[in-house]
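The next block holds one structure in the form of structure tokens; read it before the comments.
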Amino acid sequence: IIDHLMIRHDRLIDLTKIGRGEFGEVLVGSVLECDMPAALVGKNHQTHQKENGSTTAISSADENEIQAQQRINILVKSLSKIKDETFFIEFRRQIDLYRAVESPNVVKLLALSFEKDHHFIVLEHSRELKAYLIDHPDTPTQQLVKFCSQITKGLNAIANSKLTHR
């Protein structure tokens with residue numbers, strides 16, 4: 001299916017279920033930048049350090065050399081069970097939708113994982129606006145207007161791509 005976007009399921013770190021979506025579980029976690037598909041490194045994602053500011057150390061092909069790698073926060077949409085061909089076609093349609101829109105205000109497709117029982121769409125993930133607003137109830141009006149502008153720009157990019165978000 002889109003080989004240059006593929007990532008192995010076991011490279012996804014600290015996956016935690018946050019809910020259920022149309023196709024299955026929705027999870028959050030991270031992936032080391034070095035494990036990202038080569039076509040995306042430095043292009044379609046923002047790199048984030050862990051909240052405590054540290055990075056994660058991993059060993060390279062040369063065991064004597066250890067490189068600090070930043071983690072990329074991810075949101076994972078899973079396909080729990082392929083009920084029928086129509087269900088899988090809809091999952092693929094969603095992949096195509098994420099690939100079609102190029103905007104800094106729309107979540108980006110980072111990778112795909114299709115192994116045995118694991119079918120995942122891996123998306124960029126940052127702090128959710130709702131959580132931010134709950135934690136910062138005194139957010140200045142000027143900042144709220146900026147958030148609205150970003151949302152509008154994202155929806156405009158989707159509309160200009162002739163796509164419908166439901």
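Throughout, residue positions are numbered sequentially from 1 according to the sequence presented.
Side-chain contact check for Asn105 versus Asn156: every heavy-atom pair is 4.5 Å or farther apart. Side-chain contact between Leu12 and Leu27: absent, with no pair of heavy atoms (C-beta onward) separated by less than 4.5 Å. Side-chain contact between Val107 and Leu75 is absent, with no heavy-atom pair separated by less than 4.5 Å. Using a 4.5 Å cut-off on side-chain heavy atoms (C-beta onward), Leu109 and Leu123 make contact. Using a 4.5 Å cut-off on side-chain heavy atoms (C-beta onward), Ile95 and Leu112 make contact.
Side-chain N or O atoms of Ser161 include one that pairs as donor or acceptor with a backbone N or O of Ala157 at under 3.5 Å. Without hydrogens or angle criteria, Lys108 side chain to Ser103 main chain gives a donor-acceptor distance under 3.5 Å.
Heavy-atom contacts from other residues, nucleotides or ligands closer than 6.0 Å to CD of Gln143 number more than 12.
Distance check: Leu133 CG to Thr139 OG1 gives 5.5 Å after rounding to the nearest 0.5 Å. If you take CG on Asp14 and CZ on Arg71, they are separated by 5.0 Å, rounding to the nearest 0.5 Å. If you take CZ on Arg11 and CE on Met6, they are separated by 15.0 Å, rounding to the nearest 0.5 Å. With rounding to the nearest 0.5 Å, the separation of NE2 in His125 from CD1 in Ile18 is 6.0 Å.
The shortest heavy-atom contact between Leu15 and Gly29 is CD2-CA, 4.1 Å. In this structure, Tyr98 and Lys77 approach most closely via the heavy-atom pair OH-NZ, 3.2 Å. For Ser30 against Ile74, the heavy-atom pair with the smallest separation is N-CG1, 3.5 Å. The shortest heavy-atom contact between Glu33 and Ile72 is CA-CD1, 3.8 Å.
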>> As a quick check of understanding, evaluate side chain to side chain contact (heavy atoms under 4.5 Å, CB included) for Phe23 and Ile121, giving each step before the final call.
In response: CA-CA 11 Å; Phe23 303 108; Ile121 297 174; 5.8 Å; no
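The aromatic rings of Phe120 and His9 sit tilted, their planes meeting at an angle between 30° and 60°.
Residues satisfying the salt bridge (Lys or Arg N to Asp or Glu O under 4.0 Å) test with Lys17, not counting sequence neighbours, are Glu25. Applying the salt bridge (Lys or Arg N to Asp or Glu O under 4.0 Å) criterion to Arg8, with sequence neighbours excluded, gives Asp10.
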